[in-house]
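Below is one structure, written out as structure tokens; the observations come after it.
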Amino acid sequence: MTSVFIRPLLTLAIIFGLFGFVRFAVHRGFEPRKNKLIKYLGSLHLAVTLLSLLAILLSVATVLESKHGTEYIMRTVYRASWFEFILIGIWTNIFFATVLRFPFRRNKIGFFLTHCGILTILLGSLMTRIEGQEGTITLVEGASSSILNLQGNALKLVDTSSQSKLAGENVEQLNLPANLSSDSGSEILITEYHPHSSMSHMYLDGDKDYSFSEANPALQFSIRSSMFNLDRWLVNQNEDLKNPSEIKMGPAQITLRKVSSLEAQNLLSNVSESGNKGTQSKAQLTVSLDEGKSIKVYDAQDIINETVDIGQGYKIIVTGIYRNAAVVKGKGIVDQPGPPNNPAIVFKLIYPSGKEKMSVRFQLHPEFQGIHDENGVSLKEPQIKALGVAPSSTQPATCEFLVDERGQFYYHITSSRVTQAGLLQLNKMIPMGWNDAVLVAKKLIPNANVKRVVLPKKLAANAKSSLPMVRVEIKTDKGPEFKTLLYGESFSYSYNQKEKQLSFGPNGIELPFLVQLKDFRKIDYPNTNRAMEYESDVIVEDILTPQSDQAKKRIETTISMNNVLDHAGWRFFQSSFRVENGKEYSTFQVARDPGIETIYLGSIVMVLGIGIMFWGLPGAREK
Amino acid sequence: MSVRRRIVHISLSILFTILVIILVQNSSKNSPGHLDFSSLKTLPILLEGRVVPFDTYARKFSYTVAGSQRPFKKNSIEFVMDYVKNDNPLAENVIKIDNHAIKEKLGINKIDRYTSFKHVTGQNSLNELHQVYQNKTDQKIPLTPLDEAFGRLSEQLNMISELVQGTSLMIYPAEKSKYTNWTPAVELEQINDAEAQKAHQAFQKMLHGNYHGVQKDLDDAVNDLKSIAFNRHPSGENFKKNFDNELIYNTSKPFRVSWIVYLLALIAAVIGRVKNKPTILGLGLWLMISGFVVHTYGLILRTIILDRPPVSNMYESVVFVGWAVLIFSFILLLKQKYKRKDSHILLTSTLLAATLTMLMADLLPMSSELGMLEAVLRSTYWLTIHVLVIVASYGAFALACALGHVYLVNILLGFSMKQPVMKDISDSIYQCIKIGVILIGAGTILGGVWANESWGRFWGWDPKETWALISFLGYMALLHGRKAGWFKDFGLAVGSLIGFLLILMTWYGVNFVLGTGLHSYGFGTGGQNYALGFTLFELLFLIVVFLRMKNDQDKASHPSQ
């Protein structure tokens, strides 16, 4: 416990010692007020300038924070190394301002204490900034961990054979370009770091001599329609993507697949046969006047433009049969060329009252019936459906691209009504039968060389986050290697006959103990969702190393808001929680702050000093 | 001043205060032709996690739905009980809507002030409004007045549907434990428990008594319900005691009374000054004191009711700042620095600051409800120490700012800076700033200590922390500049105004304008226009003062003109 007092007292002793020295010098005839430099450094002018500068800087920072997010402002301002110079500047100013007051009388004691207090606080915060560590541990119930995730992203170099860590550095804090410090000299140069990145791919023609089994065909195509536009690449293999040869678009699926030329030919001939067999049945209207119990069927072709009595006083006149109906402004319903996507029958319904209404029935959308009149009142009306205007099936929409060993590309498209297949040719438009969609192949590569392109990206505060990236130059046995690593990636190489792995990921450190989350609870105020308390039951257990001789310690306790756990110099706080897939995750803030006691002592001295400066020593009368 | 005159002053000010209290209390008067619901007032019911007397629920209901605690000339409980008595309550025109845009959307006539649940929910546009509102709140897009009006409307609809269905009437503690859930009246019937059945019957009897106007049935049923709830809950006895306090708080509205009394005192002080009548000035002082007594009483009541210091949200902090202004003013008065005839300056400044803050608290749309604490604030000890100290410092700076205004207004009126009264004002400003600086310094450090105990770090550049530091630095720059002799009294007065703008940013701006950081429990929207207006007014005022100063200096340097 005594160690708690060492730092603050030592700090205060150093400050007092410095002033003692000044006092001694003054006693010996040194006159600080005659030294121009000291006079400037300790001037009120500099003080007010620094105070105002800091105030303006901080206010700008808070506004930026609300725009760009806390992480951004921490990195660029508060945790940046230049920020320390401002603090050091203020320290210097206060120090010399005090020096200038020497020798001073009793009535300056408030002034002296106040400024000594601030000097102590600033030194304490410097300790916190340099030595302090602050990170988070997130655990799911039942899990345990001894890794503390610190702010930032780290590059780590590991000897693969011995699994020993050679070097590690928080890239965020480095002034780039910088070497990744390691025992074996500077074999890794970090050239760039960006907190956000965007990844895309380039598909180049690869080796002309390739075996079909190892080929990596790629294809760029576009699908244009009135409802969607798609411009994409499909490739057999891409290490960065899970399913590079597959795109899902609602119920439709687009794929790329390698086949033998024989298989491709078979497919083509099958499709053309079945395509010719298209079952064009008769266009019919079914009418039911008793909600489906009995049905009358009329061939629409036969009764076109005739008035037909359908019973109960209702009459219909069929005015049009459309294989592919579309509503065109100014023209009403017209038949469009192309596959029968929207077969329909248009007719006039005449009510027993003599009222007439134009009506349309779509074969594929039988539920689309007019059941209300203009006033929204539902009408008693016969059930009428359109049937057999055009062939239909229930096949799902698929678009398959095939490549054979000769490097020939084919397409095979199915929709609910048609199946088509053929040779895929560059820049040729192929109507797909998916409404009005048209397919165009833009680039066909039988064996592609996939190149990854990672670019830094600027990110707005509330945009979805993307991965951080780092660029490095590595000396390997094969010569220098330039690598771009995304967060979570690693690169293995050998150098000086040693197998090594460089990985880029969270900036974690190993704690000397294991933290286990037993249970997390969110307790609400009665009958509300408003949290009254967050509680985590944890077990903290020291990890025994061969060197340590102390007894193994095990603590079982509950951490909650305003109720922290102090263990081995670290402090645990309940920070946040989340629920994912029904599991509760609890996040602890874990921090070590060697400067805190110094800051406390400085604060007490400062507040005391301000009090004395403003209102005099207790007991002493003013004036 | 003679003892007799003082007695007259004291009795007059007490008389005025009582008059104000009686006028404000008007809202809870019983109306003729109604049952006497006084027994119902203290029926315990769970409202937003807190056990409250039914009176509080009824007031919230009638204020939220009908926009007043005394709608349609009934008191709140009468309004609620009449509403449930209705054969078709949903068709009753009780929902007050002010926003014209939403009235138009919902097909409500512009001149109609009230509409019904049935009408509103029958509108197709309600769905569309809901979609827009939902999207905007999900994506944290700023709301338009129309969206905000919809937000209020949906709260009104919720309150009504929950009352009509009985789901918000949580009158029965589900378990016999301190933080038990409460069971809504409508679910009582399904609970297989003799006591719950008894409560169910009592509730039915209460409704019956209300419907048929049988006073005895109602009172018996309410008493049954009360004794069941109080006996089941471990803190039942405490509630019983505390409910009396809450009823007094609800009916007396101490903070409204205090601002009215402060306003009277301000008028008295100004008249006393203008007409040069020390008697009226003295009356102002005593009115201020009696306003302060009511104000203090309100704070104590709130503290007792909530069992914590009243400093956990914007409303409470504003009320507390007003109180701190008075305290610091008394300290300055007691120091007797003022010659008697100049005491009106301090009086006027104090009353100006106090009236304005309390008026703001009462009239601006701030949630003044007695609410439960966010989890992170549930440390009464630290909450008391840290927040009280910080908010007290705002009070000191507010007083300094008010004094600064009086100083600058005096300059506009042609006072010379060399007049002793001006020296006195400047001296008071300096005293206030000194008090404020030491309080905001200590309070911020204490906040750091609390943060170290609860968030894991002493200082984390959270916007609220940072702005407290910026304010501190600002006042530091002011004090150092004064020390360096760059400016004197006038500069201090100007500085007290600018400094208070910094405080305003720390106090209000961080939560309502920046809206980031860990002090999120105070976040909210609304009032931006008032804050912006105040800031612009202050800047304009400063420009006018500077122009005047320049004019005077020109005159002084060219005496021939």
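Here is how names work: the chains are called A, B, and so on, in the same order as the sequence lines, proteins then strands, and each is numbered from 1. What you see is a predicted model; the values in this text were computed from it and never measured.
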[X] and [Y]: side chain donor to acceptor below 3.5 Å:
X      : Y      : value
B:S471 : B:T506 : yes
A:T128 : A:D593 : yes
B:Y57  : B:S168 : yes

Charged N to carboxylate O below 4.0 Å: is that the case for A:R521 and A:E535?
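Yes.
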
Let me know if [X] has heavy atoms under 4.5 Å from chain B in its side chain, its backbone, both or neither.
X      : answer
A:I596 : side chain
A:I599 : side chain
A:V77  : neither
A:Y600 : side chain
A:S603 : both
A:M613 : neither
A:R592 : neither

Under 4.5 Å from any heavy atom of chain A - which part of [X]:
X      : answer
B:W486 : side chain
B:L479 : side chain
B:L469 : side chain
B:M476 : both
B:V449 : both
B:W467 : side chain

Is the ring centre of B:W507 less than 6.0 Å from the ring centre of B:F397?
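So the answer is no for these two rings.
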
Does the gap between the ring centers of B:H233 and B:F239 come in under 6.0 Å?
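Aromatic pair counts; centres sit under 6.0 Å.
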
What is the distance from atom [atom1] of [X] to atom [atom2] of [Y], rounded to the nearest 0.5 Å?
X      : Y      : atom1 : atom2 : answer
B:E187 : B:M170 : CD    : CE    : 9.5 Å
B:R482 : B:Y475 : CZ    : OH    : 14.5 Å
A:F520 : A:Q574 : CZ    : CD    : 5.0 Å

Who wins among A:V48, A:I73, A:L57 for the most heavy-atom pairs under 4.5 Å with chain B?
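Ranked by contacts with chain B, first place is A:V48.
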
Just give me the residue among A:I610, A:L58, A:D524, A:V63 that pairs up with chain B most often, heavy atom to heavy atom, under 4.5 Å.
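Of the candidates given, the most pairs with chain B belong to A:L58.
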
Against chain A, work out which of B:I435, B:T183, B:L502 has the most heavy-atom pairs shorter than 4.5 Å and name it.
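Most heavy-atom pairs under 4.5 Å with chain A: B:I435.
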
Given the options B:I445, B:N452, B:T466, which has more heavy-atom pairs under 4.5 Å with chain A than any of the others?
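Among the listed options, the one with the most contacts to chain A is B:N452.
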
Counting only N and O atoms by type, is there a donor-acceptor contact under 3.5 Å from the side chain of B:H480 to the main-chain atoms of A:L44?
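No; zero donor-acceptor contacts below 3.5 Å.
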
With a 4.5 Å limit on heavy-atom distance, are the side chains of A:F577 and A:T587 in contact?
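The answer is no, as the side chains (C-beta and beyond) never meet within the 4.5 Å cut-off.
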
